[in-house]
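To start, the structure itself, in structure tokens.
Keep in mind that what you see is a predicted model, and the values were worked out from it rather than measured.
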Amino acid sequence: MALVGLGKCCRSFGRDPSKVAFCGVWKPAGIEGCAGAKRHLLSEDVIKLQGFQQRKLAVAHLVTGSKGNYIELFTKRLQRNELIPREELKLLLHLCQTADDVLIARDAIHRYHTDNGNLMFGEFKFGPLFVRLCYELGLESLAAATLTDENMGGFFNDATSFNITIDMLFIKGSFEKALELLRTMRAQGIPFNKDTLTLAAGTCYKLNTADSYRICTALIEEGETKGNAVPRHAHCFAVALALRQNDIEKAQSLFSQIMITDSRLCQNLKVTILTMSGAVTDAVSLLSAALLPKSPAFVKKLDFSQEVVDLLRLRSEGGPHAMEVDQIITNLERAHQVTQQTLDGMLCHTPTGKRKPELNMTDRKTRRRNLKSLQSTLLSE
């Protein structure tokens with residue numbers, strides 16, 4: 001299994017500075033440090049934070065004036081060891097506004113799981129709701145601790161809860177904790193989906209150790225072997241990590257598995273691979289093909305990272321192609337096709353996701369009826 005021994009891998013991170021010194025994509029003294037860009041990797045389609053916040057506002061509007069009383073009442077119910085009805089737990093999670101409120105919600109979830117652990121199949125999944133609440137309030141450590149709590153085994157049985165939490169940890173640079181969550185997912189038998197693979201590859205890329213490199217390549221190979229569709233983004237992370245580990249042959253092999261390579265990120269990775277493998281003429285040919293000096297202003301031009309072209313210039317210095325390389329880079333700069341964004345920045349981009357259609361009137365009325373029903377049910381006390 002790809003994540004066997006992951007616990008040992010996690011414990012080894014950070015002990016040997018030499019293992020994390022190779023922060024640049026192709027050289028030890030990289031332009032951008034290991035922290036790099038700390039943007040999230042999941043789109044709003046997955047996080048669904050806006051929708052969650054809208055529902056919170058709607059519920060708060062329905063129970064205006066009773067939020068504080070409700071949470072206080074819930075605390076007393078926990079102290080009396082009373083049963084926690086599902087609908088009341090839903091309402092509690094939508095009323096939490098502070099970290100203290102979330103701690104109460106966590107205790108309520110624990111009580112609910114203790115009382116209903118054998119009745120979870122087919123029921124409403126509280127996991128995504130809880131971690132979105134943590135996401136909103138920046139409580140990534142609490143979310144991670146709750147998901148890895150042995151007493152909560154079986155409650156967070158969906159990939160979405162883990163993916164959102166890993167995304168939070170990725171933002172904060174807590175990559176070791178992210179790997180621990182991946183290990184927990186594997187131990188609990190929760191299947192890795194496309195988002196999980198992207199997050200796993202991104203986490204391993206950021207850690208940039210021999211162990212994380214082994215884990216990353218094993219996950220990609222496992223996905224390919226099982227016939228699962230490995231996301232291009234995950235492949236790109238794996239390629240970049242292979243380059244950081246100076247494994248050019250593996251980087252070439254991983255890159256060859258990417259079906260569509262016309263994106264800006266893929267083209268920058270390809271130039272880097274060609275440069276590091278010594279194929280300077282091929283790299284120049286690729287850059288020349290991307291040069292569009294006479295294209296209309298509305299045509300989006302392919303651009304290349306400054307550090308990518310700097311690497312090509314460095315590797316060709318003093319060689320027979322030095323003048324040709326300087327000329328093509330100069331032409332690209334004049335055409336505004338050289339960007340200051342690093343490869344790390346391109347890799348750790350924020351996906352835009354898909355635009356969702358507006359709710360029609362029927363959907364809106366249905367949601368209002370559901371909220372009113374929820375209020376009458378949950379506030380009956």
Side-chain contact, heavy-atom cut-off 4.5 Å: [X] with [Y]?
| X | Y | answer |
| --- | --- | --- |
| Arg214 | Asp211 | yes |
| Ser263 | Cys266 | yes |
| Val284 | Leu274 | no |
| Leu42 | Phe170 | no |
| Glu140 | Thr165 | no |
| Cys204 | Leu179 | yes |
| Phe52 | Ile47 | no |
| Val338 | Asp303 | no |

Any side-chain donor near an acceptor of the partner, [X] and [Y], under 3.5 Å:
| X | Y | answer |
| --- | --- | --- |
| Lys125 | Asn157 | yes |
| His349 | Gln341 | no |
| Thr209 | Ser212 | yes |
| Thr196 | Asn193 | yes |
| Asn163 | Thr160 | no |
| Arg86 | Asn116 | no |
| Gln97 | Asp101 | no |

Measure centre to centre between the rings of Phe126 and His113, then say whether the value is under 6.0 Å.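 So the answer is no for these two rings.
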
Compute the ring centroids of Phe156 and Phe162, then answer whether they are less than 6.0 Å apart.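 No, the ring of Phe156 stays outside the 6.0 Å limit from the ring of Phe162, centre to centre.
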
Evaluate the criterion side-chain hydrogen bond (donor to acceptor under 3.5 Å, both in side chains) for residue pair Asp149 and Thr146; output intermediate values, then yes/no. CA-CA 5 Å; Asp149 186 349; Thr146 305; over 6 Å; no

Hey, is Glu136 close enough to Lys56 for a salt bridge, meaning N to O under 4.0 Å?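 Here Glu136 pairs with Lys56 in a salt bridge, since their nearest N and O are under 4.0 Å apart.
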
Is the shortest distance from a Lys or Arg side-chain nitrogen in Arg77 or Glu88 to a carboxylate oxygen in the other one below 4.0 Å?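 Glu88 and Arg77: salt-bridged.
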
Is there a salt bridge (charged side-chain N to carboxylate O under 4.0 Å, His left out) between Glu180 and Lys177? Walk through the geometry before answering. CA-CA 5 Å; Glu180 180 64 23; Lys177 288 184 179 180; over 6 Å; no

Is it the case that the side chain of [X] and the backbone of [Y] share a donor-acceptor pair, with hydrogens and angles ignored and the cut-off at 3.5 Å?
| X | Y | answer |
| --- | --- | --- |
| Asp167 | Leu41 | yes |
| Arg264 | Phe304 | no |
| Ser253 | Glu249 | no |
| Asn208 | Tyr205 | no |

Heavy-atom neighbours of Gln188 CD exceed 12 at 6.0 Å: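 Yes - once you tally the heavy atoms of other residues, nucleotides and ligands closer than 6.0 Å, there are more than 12.
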
Please list, one pair per line, the donor and acceptor atoms closer than 3.5 Å that link side chains of residues 321-329 to other protein atoms, with sequence neighbours excluded.
unit_1, atom_1, unit_2, atom_2, d
Asp326, OD1, Arg313, NE, 2.9
Gln327, NE2, Asn331, OD1, 3.0

Enter the distance from Gln267:CD to Leu269:CG here, rounded to the nearest 0.5 Å.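 Gln267 atom CD to Leu269 atom CG measures 9.5 Å (nearest 0.5 Å).
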
Decide yes or no on side chain to side chain contact (heavy atoms under 4.5 Å, CB included) for Cys348 and Phe237, but give the supporting numbers first. CA-CA 9 Å; Cys348 302; Phe237 272 125; 4.3 Å; yes

Tell me, with the steps shown, if Glu224 and His235 meet side-chain hydrogen bond (donor to acceptor under 3.5 Å, both in side chains). CA-CA 11 Å; Glu224 296 287 351; His235 264 123; 3.1 Å; yes

Met276 pairs by side chain to side chain contact (heavy atoms under 4.5 Å, CB included) with which of Val271, Leu312, Leu243?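 Among the candidates, only Leu243 passes.
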
